[in-house]
Amino acid sequence: MTLATFLKINPADSVVVCLESKKKGDVINIDGREVVVRQDIPAGHKLLILDTAKGSDIIKYGYPIGHAAEDLKAGDWVNENNLKTNLSSTLEYEYHPVNQELDIKNENRHFKGYLRQNGEVGIRNEIWIVPTVGCVNGVAKRLAAQLRKETRGEGIDSIYAWHHNYGCSQLSEDHENTRKVLRDICLHPNAGAVLVLSLGCENNQPEDFMQMLGDYDKDRIRLLVTQRVDDEMEAGMEMLRELYEIARKDQRQEVPVSKLRVGLKCGGSDGFSGITANPLVGEFSDWLVAQGGTSVLTEVPEMFGAETILMNRCRTEELFKQTVAMVNNFKDYFLSHGEPVGENPSPGNKAGGISTLEDKALGCTQKCGKAPVSGVMEYGDRLLHDGLNLLSAPGNDLVAATALASCGCHLVLFTTGRGTPFGTFVPTMKIATNPDLARHKANWIDFSAGQLLEGRTMDELLPTFIDKVLRVASGELAKNEENDYREISIFKNGVTL
């Protein structure tokens, strides 16, 4: 079988993506014409197929990804040096709803999870130590290590202390962001038991924080204020031993896939992200929503340039208004700090073939498929709606993945073209955009969407990917778990006292 060497994503596009590197003088046949390559072009990068005057838009995915910074000829390599963003500031939007109802069969699939007392389901049964303030991080780490040593983890998937630097010397919304994320971690169904560890004098006062948890399971979530006991290790271990005995009795059982909640994230993206891994995850997201499950898209700054696609998929005008506010509020956040809204992508993105934020956003939003938007959440909110949800959080990998887990996602599907080892406090599956990355960093990558570049079709690959995700939901370790790469990162948006 002869594989294509370039891809025109949309009939309206003025560029193609090179699926393999091109040399100056190479010729491609496109739309009944011959285009001579004018410079050496790396794989994943854009080749212009139409003469484009300075200031004119360049089209990819059927949408503008910026404008030509100079007169360009067909055959030119389009990159960050000759393509400039059209983004500038906040905008006014009009609601033009598009019917995106899915025609996908309900397969009545199941996975093996832990049914919690409140009706929620976890895909892990872990014991977590959650500091209310960074001052007790060391104590939390010692307690986790001691419990692991005593129990050897028998009957429990893992034991973790979630290190962070906040909980004091913060004000107003910044302080509430910390409190909400820590609350969300405490209530997450992947935890079979939680020890909330407080210092006692911090801004995040322990009793007030526990009230934030609402009607929680007091047998499985306990509070220790270290300033109020003589020996915090002794008191903490006494509580942890009791929590361990409760949690270790939990057993996996068959659960309908409609209970699964999945976060959608990309990082270290490249020119293949929008044509392999992100569309594969988008197909999975649509499949999951059609089964009654839930997916969550975040990284608001990486929606800039593609936001109208999401806005017009909102089920109601109220959701449309919430999405507009989410996007413009993030633009205001950038502008209030004197930063341009289009200051993206990263050096790694550019090296991989992504030249502007619009280019990145139109690829990024492929991860949420075509399902209608059923919910919009502020940072730190917990999921209330099944289906596709949008979540307000920045693009930073650690912060965004933590936000996805905090809202209630059981795992995060993380597409990457450059590779990254990290994971947040839920399983963080890495999906490679290209086969070279999957081979080179096999110890990081859980699944290769690069198979789509090697001749496999989406219809062939999607069932394999679905099976892989359901195996991880049922207990198979993601690579970040195998490597013990797990951490949290909370959005910092305010002064430090």
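All heavy atoms count here, side chains included; hydrogens, waters and symmetry mates do not.
The closest side-chain donor-acceptor pair between Asn349 and Ser269, if any, does not fall under 3.5 angstrom. With no hydrogens or angles considered, a side-chain donor-acceptor pair links Gln39 and Asp76 at under 3.5 Å. For the residue pair Glu487 / Thr424, no side-chain donor-acceptor distance below 3.5 Å is found, with atom types taken as modelled. Side-chain contact check for Asn278 and Ser273: no donor-acceptor pair (N or O, by modelled atom type) lies under 3.5 Å. For the residue pair Asn434 / Asp270, a side-chain donor-acceptor distance below 3.5 Å is found, with atom types taken as modelled. A donor-acceptor contact closer than 3.5 angstrom links the side chains of Ser355 and Lys46. Judged purely by distance below 3.5 Å, without hydrogens or angles, the side chains of His163 and Asn137 pair a donor atom with an acceptor atom.
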Practice problem: Decide salt bridge (Lys or Arg N to Asp or Glu O under 4.0 Å) for Asp31 and Lys8; before the verdict, give the C-alpha distance in whole Å, the side-chain angles of both, and the deciding distance to 0.1 Å. | Solution: CA-CA 10 Å; Asp31 299 335; Lys8 186 178 183 182; 2.5 Å; yes
Quiz item: Given Lys60 and Asp359, is the salt bridge (Lys or Arg N to Asp or Glu O under 4.0 Å) satisfied, shown in steps?
Solution: CA-CA 7 Å; Lys60 183 182 176 187; Asp359 192 359; 3.0 Å; yes
Quiz item: Does the salt bridge (Lys or Arg N to Asp or Glu O under 4.0 Å) test come out yes or no for Lys468 and Glu476, once each step is laid out?
Solution: CA-CA 9 Å; Lys468 173 66 175 181; Glu476 182 180 299; 2.5 Å; yes
Exercise. Determine, step by step, whether Gln170 and Thr178 satisfy the side chain to side chain donor-acceptor pair (under 3.5 Å) criterion, reporting the C-alpha distance in whole Å, the side-chain angles of both residues, the deciding distance to 0.1 Å, and the verdict.
Key: CA-CA 9 Å; Gln170 293 177 277; Thr178 294; 3.1 Å; yes
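Residues Ile445 and Lys479 have side chains not in contact (no heavy-atom distance under 4.5 Å, counting atoms from C-beta outward). Looking at Leu437 and Thr416, their side chains come closer than 4.5 Å, going by heavy atoms from C-beta outward.
Residues Lys350 and Glu80 are not paired through a salt bridge, judged by the lack of any N-O separation under 4.0 Å between the basic side chain and the carboxylate. Between Glu154 and Arg248 there is no salt bridge, since none of the side-chain N atoms of the basic residue sits less than 4.0 Å from a carboxylate O of the acidic one. Classification of Glu302 and Lys265 as a salt-bridged pair fails, no side-chain N sitting under 4.0 Å from a carboxylate O. Between Lys22 and Asp40 there is no salt bridge, since no side-chain nitrogen of the basic residue lies less than 4.0 Å from a carboxylate oxygen of the acidic one. A salt bridge is defined here as a Lys NZ or Arg NE, NH1 or NH2 lying under 4.0 Å from an Asp or Glu carboxylate O, and Arg382 with Glu120 meets this definition.
For the residue pair Ala400 and Pro394, the shortest heavy atom distance occurs at CB-O, 3.3 Å. Closest approach of Ala161 to Ala140, counting heavy atoms only: CB-O, 3.5 Å.
In this structure, Lys331 is positioned above the aromatic face of Phe304, its NZ or CZ under 6.0 Å from the six-membered ring centre and within 45° of the axis. Judged by the 6.0 Å distance and 45° axis criteria, Arg486 is not positioned over the aromatic ring of Phe425.
Using a 30° and 60° split on the angle between ring planes, Trp162 and Trp128 fall in the perpendicular class, above 60°.
For Asp286, the salt bridge (Lys or Arg N to Asp or Glu O under 4.0 Å) criterion is met by no residue, not counting sequence neighbours. For Thr151, the side-chain contact (heavy atoms from CB on, under 4.5 Å) partners at least two apart in sequence or on another chain are Leu147, Ile159, Tyr244. Applying the salt bridge (Lys or Arg N to Asp or Glu O under 4.0 Å) criterion to Asp13, with sequence neighbours excluded, gives no partner residue. Partners of Phe284 under the ring-ring contact (aromatic ring centres under 6.0 Å, His included) rule, at least two apart in sequence or in another chain, are Trp287, Phe465. Residues passing the salt bridge (Lys or Arg N to Asp or Glu O under 4.0 Å) test with Arg109, sequence neighbours excluded: Glu107, Asp467.
Among pairs with a residue in residues 346-365, none fulfils ring pair (Phe, Tyr, Trp, His ring centres under 6.0 Å), at least two apart in sequence or across chains.
Annotation: Tyr485 is not in aromatic contact with Trp444 [ring centroid separation under 6.0 Å not met].
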